[in-house]
Amino acid sequence: MKVGVLGAGQLGRMLALAGYPLGMRFRFLDPASEAPASHLAEQVVGEYEDEAALDRFVEGLDVVTYEFENVPVETVRRLGSRGCSVYPPPEALEVAQDRLVEKRFLRELGIATPEFASISTYDELKAAVSRIGLPAVLKTGRMGYDGKGQRVLREPGDVTEAWESLGGRALILESFVSFERELSVLAVRGRGGESVCYPLVQNEHRTGILRRSVCPAPMVTPELQSEAEDLARRVLDRLGYVGVLAIELFEVEGKLLANEMAPRVHNSGHWTLEGAETSQFENHLRSVVGLPLGSTAPRGYSVMLNLIGKVPDSASVLAVPGAHLHLYGKAERPGRKLGHITLSADDPQMLPSRVALVEELL
Ligand SMILES: Nc1ncnc2c1ncn2[C@@H]1O[C@H](COP(=O)(O)OP(=O)(O)OP(=O)(O)O)[C@@H](O)[C@H]1O
Ligand SMILES: [Mg+2]
């Protein structure tokens, strides 16, 4: 089986690492040379719209997937029209690339989201602020990641300033949710329509970037888990989805609001490499090539810590019991995800002291 992956970042790299034991081979397409996945597999360096690069990329592939949700939908459709199977379906990309389309889609499926309004002019912004109220979050409709392209509006004076920094493109205003916590659900749907879900994960963000995930999330009632699985399955089934899908959630008074979805493997699923029977990466590959899906049962308890901007000394990290280090081969740069550490233990009581040891190194 030769799998093509659009995007050659760390997610692609971890997909390849998970596919090799199953005898798979990989080729990546990414405009950035020396991308993290290129250290392990063939990489075609080229733009996603470049026909000649796409020709070199698809030659001899059995199936194509992507690790980056901003690959042009047109590229995925073009590959499909050449007879290449591409999963997840392009409709999933279309929905996930535009926050407004995404929120409308979720609402249509009966899934609760924060209040929102489409904004294209300053007057629309003022009207939306008076309808939704403050605090609120103004976001670019497209291309946001790691909290980029967002402004929190706390007082009326923030409105003009936020418009000056983000105005001029399609925006969305959302009510600011005072959530109790952030959770995410990762679900996998196979080619035959069967699906499995991982246990809910609890996520902590700082300056818009995921810092830490606790897996499984503590104090999740069976009702909350099934609410999350039910909403994820509605999305999967509506899209005829194949692969791993992540949905980021806010928990408010025991209920879930959907924030956004990612049609790919997700940072909040990295713990599954050591912490679940089958990792998200392996399950994504199993589904896109048509193999049976693997168990999503957790193995013990895990905490995943992202390495942002700087990489700690490997020896010090690995001296911590239960620590697993993953480095993506990227150069240090402020705000950049360079790797992650998963701490695992059979007894959840063991984790806080191990987390404290690692946090001293970060
Ligand atoms: N409406 C909201 N109310 C409260 N907090 C919010 C809201 N929207 C976003 N946030 C906070 O900002 C974080 C990043 O927002 P969001 O997920 O929309 O952006 P992103 O840039 O696509 O992030 P990423 O790519 O890292 O998932 C959220 O995880 C949450 O902590
Ligand atoms: Mg997000």
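Whatever order the structure lists them in is the order used to number ligands and atoms, beginning at 1. Below, all heavy atoms of this structure are taken into account, side chains as well, without hydrogens, waters or symmetry copies. Residues: numbered from 1 along the sequence shown.
Cation-pi contact between R154 and F176: present, with separation from the ring centre below 6.0 Å and deviation from the ring axis of at most 45°.
With Y198 contributing its side chain and S279 its backbone, the two residues share a donor-acceptor pair below 3.5 Å.
Residue-ligand proximity, S175 to ligand 1, at heavy-atom distances under 4.0 Å covers atoms 1 (N), 2 (C), 3 (N). Close approach to D146 involves these atoms of ligand 1, each under 4.0 Å from a residue heavy atom: 20 (P), 21 (O), 23 (O), 24 (P), 25 (O), 26 (O). Ligand-side atoms of ligand 1 in range of E248: 17 (O), 27 (O), range being under 4.0 angstrom from any heavy atom. Those atoms of ligand 1 that come under 4.0 Å of a heavy atom in R99, given as number and element, are 18 (O), 19 (O), 20 (P), 21 (O), 22 (O). Near F179, meaning under 4.0 Å from one of its heavy atoms, ligand 1 places the atoms 4 (C), 5 (N).
When hydrogens are left out, the protein atom nearest atom 10 (N) of ligand 1 is F250 CZ, 4.0 Å; that is the closest non-hydrogen contact. Nearest protein heavy-atom contact of atom 3 (N) of ligand 1 is V177 N, 2.8 Å. Here the protein heavy atom with the shortest distance to atom 29 (O) of ligand 1 is E182 OE1, 2.7 Å. When only non-hydrogen protein atoms are considered, atom 15 (O) of ligand 1 lies nearest to Q150 NE2, 3.2 Å.
Closest approach between the Mg ion (ligand 2) and any N/O/S atom of E248 involves OE1. Of all N/O/S atoms in E260, OE2 sits nearest the Mg ion (ligand 2).
Only one option out of H270, K330, K337 pairs with Q10 in a side chain to side chain donor-acceptor pair (under 3.5 Å); it is K330. Remark: of the listed residues K2, R25, R56, K2 is the sole one forming a side chain to side chain donor-acceptor pair (under 3.5 Å) with E42.
E274 has no carboxylate O lying under 4.0 Å from a charged side-chain N of R299, or vice versa, which leaves the two without a salt bridge. Note on E115 versus R107: salt bridge recorded, some NZ/NE/NH1/NH2 to OD/OE distance being below 4.0 Å.
For N259, the heavy-atom gap to ligand 1 drops under 4.0 angstrom.
Nearest-residue assignment for atom 9 (C) of ligand 1 (options E204, E174, K139, K337; heavy-atom criterion): K139.
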* **Trace of the side-chain contact (heavy atoms from CB on, under 4.5 Å) decision for R212 with E359** => CA-CA 11 Å; R212 180 203 291 225; E359 290 211 307; 3.0 Å; yes
* To do: For D55 and R82, run salt bridge (Lys or Arg N to Asp or Glu O under 4.0 Å): C-alpha distance rounded to whole Å, both residues' side-chain angles, the deciding distance at 0.1 Å, then the answer.
  => CA-CA 10 Å; D55 283 340; R82 290 177 177 208; 2.8 Å; yes
